[in-house]
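Working notes, beginning with the structure itself.
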Amino acid sequence: MSSTIDTEKPPIPGSAAHTDGAWTIPIQSRAERFASAEHADFAEVTGRELEWRLTPVESVRDLIDGALDGGRFPTVVSDAPGVSTEWVARDDARIGGAGLAEERAAANAWSSFGEALAVTLTAEDFTEVTIDRTGADRTPRAAHTVITAAPNARGIVVIDNRGSARLSENLEIVVGAGAHLTVVSLQEWDDASVHLSSQFARVGRDAVLKHVVVSLGGSVVRVNPSVHLAEQGAQGELLGLYFSDAGQHLEQRVYVHHDAPSTVSRVTYKGALNGDGARTVWVGDVLIGRTAPGTDSYEQNRNLVLSDGTRADSIPNLEIETGDIAGAGHASATGRFDDEQLFYLRSRGIPEQEARRLVVLGFLVEVVQKIGQAELEARLLDAIEAELAAVEVV
Amino acid sequence: MSSLEIRDLHVSIETDQGVKQILRGVDLTVNQGEIHAIMGPNGSGKSTLAYTIAGHPRYRVDSGSITLDGEDVLAMTIDERAKAGLFLAMQYPVEIPGVTVSNFLRTAKTAIDGEAPALRGWIKELKSSMEGMRMDSSFAERNVNEGFSGGEKKRHEIVQLELLKPKIAVLDETDSGLDVDALKVVSEGVNRVKQSTGLGVLLITHYTRILRYIHPDFVHVFVDGRIAEEGGAELAERLENEGYDRFLTGSTVG
């Protein structure tokens with residue numbers, strides 16, 4: 001008796017050329033996405049591309065295609081033991097070590113920056129660095145930053161963005177073997193600011209990266225962290241917190257690439273939306289490659305809608321190329337305020353405004369408490385309180 | 001002495017099948033220091049009465065009145081009712097992620113009293129109340145009801161009752177799902193609060209079991225949205241033996 005099992009796999013829909021001729025085969029895996037440092041290598045952006053379709057492209061057109069000022073962005077880096085800071089030339093060996101631009105605005109920044117800010121942590125004792133960036137005007141600018149944690153270094157780097165800006169930038173993070181690094185990108189820009197940030201991290205053997213995106217201020221803020229768990233035992237914890245007010249667009253496209261055995265990732269993004277035209281986008285891509293047996297991965301996004309007239313897009317994507325994994329999952333939920341929680345608190349005498357404040361704070365505080373730096377946590381709670389003060393009782 | 005008066009109360013809810021009338025003329029007076037048990041079969045409207053007193057937006061009052069010491073309770077918001085001295089211990093207490101028990105209780109106490117409690121005395125009071133309800137002090141730093149067992153949630157409700165010191169408390173099936181040890185702890189807690197504050201209690205229950213530990217002065221049998229029979233503690237004993245069958249002659253409950 002011969003085997004009757006047909007081992008031929010059916011083609012993936014869309015993977016074969018159409019019979020009617022010219023048709024570009026769509027990219028089948030997140031890993032195949034084109035990357036380059038050259039603006040000219042990317043096709044013109046129409047706003048219909050997968051990468052751009054949820055972004056108000058016309059509001060950021062100057063950053064995608066216009067001339068960008070590549071001079072040093074106004075930056076003050078705090079002194080800290082075991083940390084060196086320097087501005088380096090475009091041909092510095094550290095540049096391009098963690099990734100390359102994957103879309104045209106990031107490539108525009110890459111083509112345009114003059115010098116890169118290089119911050120290097122070498123101390124094995126825990127150290128804290130603040131990169132203060134206070135924008136002074138609305139000139140379209142490009143920036144490039146490389147944060148390096150030497151093997152076994154320990155520390156936290158907080159990038160504190162304030163003032164006015166139109167900025168397209170690339171941030172590279174290299175975490176050496178055994179290092180534990182936290183990087184916080186905090187966007188508290190003024191109401192009219194625009195910020196596009198592509199952040200690439202490469203995490204080495206048994207190293208741990210905690211990456212935090214906090215977006216509260218700005219007109220259009222798009223922060224796209226991409227974390228490459230490149231060597232055995234590398235771990236990534238990706239946290240995000242955002243609060244979108246009327247007319248504000250806050251976007252984050254997260255990518256975790258499990259590319260080595262026994263790598264671990266946790267992605268937790270939480271956001272609140274309040275006011276007419278408040279808009280958020282979260283896209284979470286996780287790729288578990290053939291090279292990554294024993295991977296443990298979980299990603300989740302939660303959005304709390306506080307008023308009418310808002311829109312939250314939440315798109316988790318999980319791509320698994322190996323059967324041998326320890327765990328992989330994702331979750332997404334976007335919901336209105338829970339009226340039963342409100343009733344419970346109010347039935348204990350707590351006025352409605354205060355009850356709403358408690359519930360929203362409670363929702364967002366989960367992410368804040370995972371940052372692990374008390375001063376920053378306290379400051380973020382204050383900032384969230386300030387956002388909430390503007391929320392009217394519906 | 002405070003008094004909760006309910007007069008000819010008619011309440012309905014909005015369902016997918018249209019408006020459904022639930023309470024059909026309830027008359028009841030609960031004075032401070034009294035314990036009233038409301039007993040009745042499932043679907044008779046017991047919980048609707050509890051939630052209507054507390055002001056849950058799902059329930060629409062069509063006619064009738066609820067007053068506390070002559071003040072119109074129905075005109076009050078949910079939190080105003082609590083400040084006026086009403087308390088509802090819920091059948092299914094809600095989980096509130098990210099809000100610790102200690103923060104929640106202090107916020108509620110501050111709202112009810114109109115000023116923050118003095119810190120030292122408050123911590124002592126909280127600790128002693130939790131001890132009394134056999135709740136480990138670690139619960140103070142846990143999120144409200146999150147991951148609590150059914151019994152822990154109910155005990156947490158009684159801790160709130162003790163700390164917020166209402167005039168009249170409605171206990172909505174506080175006994176349901178409790179094992180006998182937890183039932184005793186909860187009952188002792190209610191009795192202790194009544195002893196110290198002169199609380200009036202409206203105890204809603206399906207079973208007579210809890211009435212062995214919390215002794216009612218009055219028993220009201222609820223059937224089909226109104227009170228079908230009233231009496232003293234002896235009525236509960238009769239229900240224990242006979243069940244609700246004699247009230248259900250071909251009517252609503254299957």
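A, B, ... follow the sequence lines: proteins, then strands. Residue 1 opens every chain.
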Discussion item. Could you check whether any side-chain heavy atom of A:Leu358 comes within less than 4.5 Å of a side-chain heavy atom of B:Ile96, counting everything from C-beta outward?
Written reply: no
Fill in: Per-residue contact mode, B:Glu80 against chain A (heavy atom under 4.5 angstrom)
neither
Item to complete: Examine distances only and state if a side-chain atom of A:Arg348 and a backbone atom of B:Leu88 form a donor-acceptor pair shorter than 3.5 Å.
Response: yes
Worksheet item: How far apart are the closest heavy atoms of A:Pro351 and B:Lys83, and which atoms are they?
Response: CG-NZ, 4.1 Å
Worksheet, complete the sentence: Honestly, the part of B:Pro93 sitting under 4.5 Å from a heavy atom of chain A is both
Discussion item. Counting only non-hydrogen atoms closer than 4.5 Å, does A:Gln369 touch chain B with its backbone (N, CA, C, O), its side chain (CB onward), both, or neither?
Written reply: neither
Fill in: Gap between atom NE2 of B:His56 and atom OG of A:Ser347 - 0.5 Å precision
9.5 Å
Worksheet item: Do other residues, nucleotides or ligands put more than 12 heavy atoms under 6.0 Å from B:Glu71 CD?
Response: no
Worksheet, complete the sentence: Turns out that what part of A:Gln341 lies under 4.5 Å from chain B's heavy atoms comes down to both
Item to complete: Would you give the length of the straight line joining atom CD of B:Glu157 to atom OH of A:Tyr344, rounded to the nearest 0.5 angstrom?
Response: 3.5 Å
Discussion item. Classify the ring geometry of A:Phe343 against B:Tyr51: parallel below 30°, tilted from 30° to 60°, perpendicular beyond 60°.
Written reply: tilted
Fill in: Interface moiety of B:Glu146 toward chain A, non-hydrogen atoms closer than 4.5 Å
neither
Fill in: Any side-chain heavy-atom pair of A:Glu352 and B:Thr77 under 4.5 Å
no
Worksheet item: What part of B:Asn143 is in contact with chain A, defined as an atom under 4.5 angstrom from a non-hydrogen atom: side chain, backbone, both or neither?
Response: neither
